[in-house]
Amino acid sequence: MLRRTLTRRAALIGTAALALASPHLRAQTASGRLVIVGGGFGGASAARFARDAFPDLEVTLIERSRSFTTCPYGNLVLGGTRRIEQITFTYDGLARRGVRVVHDEAVAVDPQARSVRLAGGATVPYDRLIMSPGIDLRWGAIEGYTEAAAERMPHGWIPSLQPITLLERQLRAMPDGGTFVIAIPDNPFRCPPGPYERISMVAQYFKQAKPRSKILALDAKGGFSKQPLFMEAWAELYPGMMEWVGASNDGKVMKVDPAELTLTTEFGQTHRAAVANVIPPQMAARIAREVGLANASGWCPVHARSFESTQIPGIHVIGDASIAAPMPKSGYAASTHARQAVAAAVASLRGQDPPDPVYFNTCYSHVGPEYGISIVGIYRADGDRFVEVPNSGGISPRNAAMSPERRAEQRRLEALYADGWYESLTRQMFGLS
């Protein structure tokens, strides 16, 4: 794929395209009951889009929690540039816009009766169902890593399960000169660049508060998203502070001991940490698996034009739980899944085929103060496969391609664009704008 410099205009194209999704459907009415399970990036975006685009549609969002803390920007809490309150949102804005928000847990789905059963005992009927359930962690995939172990060696990867503030407190309490060890899983997992942004934000904090401390990243993969850009930034901003060990150099963690704070790799090398962050392998959330939406991989296969499940007709699965590679499992990608799933659900209610989709992903990463990097991808359906559109994506330029002055301005602007991207996306999906 032709790589080109990502500009502000390129980032805005993706945002504008989302706002213009399915314009021919917007002009028409649609009646029926659309139920959405899960209020994250996919579910909240689906509820907002359905409410705005199809005012005659009855839209119900089922979400157990009364507030949602985003995984994106959680790493900035570790770096000290965001507070948890700044990345936490309620569903009041969606309710004010006419979405029926039910704060209860969906515990079962009856595809024949077309109903969702809630933990509180109520049953919610639907004509079309969108599932955006998120992920579960594969407890025990790493020997010794259990829910109890996660209190000592936090994952900080599912905010509703474990807030990032637990890891933040451990890092703040760590003595200067200690080693922060992070275990990173193999693909697929939520937010592929996320662990490397996390490393960067921890390094940012260490540089300011604990300059003798070190970072060791043990990775089950041989490479990672935006790797050259991250490594250039680490060498420039945090020289000598961090070491990344890939799979070929014995980076895959196989066993942990939370009592001793040790991590043992595939070939038996044991590393001791002052603070350990273990991000284990993942799978689709429990309800998706129990309903039968997931296959043997633990993830949910879907049709590329509609995100309708290939396992159970009438149910669309969006966001991290779905199999949509080469699209990454990201919040922004989930928001584009949402719009197409809503459009496809409405088309089905009318007895029509789903519109031709275009999917977008924009992924920003903060690497240091006023230092951002990014990547963009555009995707389409090719039959029942997701494919990246040739020559459509963009990635931040490498350092060598710019003068020092231009590089500093590029990185500063991308950090600024990242903040605008996050604010725009969250305000839209939670009905705040």
Side-chain angles (χ1 to χ4, degrees), residues 18-68 89-106 109-111 113-118 120 122-134 287-288 291 302 306-309 314-319 321-322 331 334-352 354-355 357 425-433:
L18 293 183
L20 295 171
S22 306
H24 67 287
L25 290 172
R26 286 175 172 269
Q28 303 179 44
T29 59
S31 61
R33 299 166 298 182
L34 178 68
V35 174
I36 302 159
V37 173
F41 279 85
S45 296
R48 171 65 190 273
F49 178 64
R51 179 74 281 129
D52 287 357
F54 308 106
D56 295 330
L57 197 63
E58 182 182 309
V59 181
T60 300
L61 175 65
I62 300 172
E63 167 54 49
R64 177 184 59 189
S65 301
R66 293 189 173 272
S67 64
F68 178 78
F89 302 85
T90 71
Y91 298 92
D92 297 345
L94 289 176
R96 286 193 297 269
R97 290 178 175 272
V99 175
R100 179 191 175 208
V101 181
V102 177
H103 289 299
D104 203 338
E105 182 178 7
V109 175
D110 186 336
R114 297 203 168 199
S115 65
V116 179
R117 183 163 55 84
L118 306 180
T123 298
V124 181
Y126 66 83
D127 295 308
R128 209 73 183 178
L129 177 64
I130 294 177
M131 297 280 290
S132 186
I287 187 169
V291 169
V302 295
S306 63
F307 275 86
E308 185 173 2
S309 169
I315 302 177
H316 306 259
V317 186
I318 63 174
S322 66
S335 71
T336 73
H337 302 174
R339 287 160 174 78
Q340 183 64 16
V342 169
V346 168
S348 177
L349 291 173
R350 296 177 180 154
Q352 301 171 353
L425 182 55
T426 52
R427 287 186 63 82
Q428 182 182 37
M429 62 191 268
F430 290 109
L432 303 175
S433 62

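Only a predicted model underlies this, so the values are computations on that prediction, with no experimental measurement involved.
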Where does the angle between the aromatic ring planes of F89 and F430 fall among parallel (under 30°), tilted (30 to 60°) and perpendicular (over 60°)? parallel
Would you mind reporting whether V302 and H337 have side-chain heavy atoms less than 4.5 Å apart? no
Could you state the interatomic distance from CG (L432) to CG (D92), rounded to the nearest 0.5 Å? 9.0 Å
Testing the basics here: between L61 and G43, what is the closest heavy-atom pair and its distance to 0.1 Å? CD1-O, 4.0 Å
Work out which heavy atom in S433 is nearest to a heavy atom in R48; give both atom names and the distance. O-NH2, 2.7 Å
Value rounded to 0.5 Å, distance of CD1 in I36 from CG in L129: 9.0 Å
Evaluate V35 against R114 for side-chain contact (heavy atoms from CB on, under 4.5 Å), listing each step before the verdict. CA-CA 10 Å; V35 174; R114 297 203 168 199; over 6 Å; no
Any side-chain heavy atom of Q340 sitting closer than 4.5 Å to one from P355? yes
Partner residues of S45 under the side chain to side chain contact (heavy atoms under 4.5 Å, CB included) criterion, sequence neighbours left out: S335, A338, R339, M429
How would you list, by chain and number, every residue that makes a salt bridge (charged side-chain N to carboxylate O under 4.0 Å, His left out) with D127, sequence neighbours excluded? R33
Set of salt bridge (charged side-chain N to carboxylate O under 4.0 Å, His left out) partners for E308, sequence neighbours left out: R128
Could you go through the side-chain contact (heavy atoms from CB on, under 4.5 Å) check for L425 and F41 one step at a time? CA-CA 9 Å; L425 182 55; F41 279 85; 3.7 Å; yes
Is it the case that the side chain of R51 and the backbone of V99 share a donor-acceptor pair, with hydrogens and angles ignored and the cut-off at 3.5 Å? no
Sorted by chain and number, sequence neighbours left out, side chain to side chain contact (heavy atoms under 4.5 Å, CB included) with A50 holds for L34, L57, V59, V342
Nearest atoms (heavy-atom pairs only) where S31 meets L349: O-CD1, 3.9 Å
With sequence neighbours left out, the residues meeting side chain to side chain contact (heavy atoms under 4.5 Å, CB included) with S115 are D110, A113, T123
Using a 4.5 Å cut-off on heavy atoms from C-beta on, say whether the side chain of V101 contacts that of E63. no
Using the side chain to side chain contact (heavy atoms under 4.5 Å, CB included) criterion, which residues pair with R66? Sequence neighbours excluded. H103
Flag side-chain contact, heavy atom, 4.5 Å: Y126 against V109: yes
At their closest point, which heavy atom of I287 faces which heavy atom of A106, and how far apart are they? CD1-O, 3.1 Å
Sub-3.5 Å donor-acceptor pair from the side chain of D104 to the main-chain atoms of L118, do we have one? no
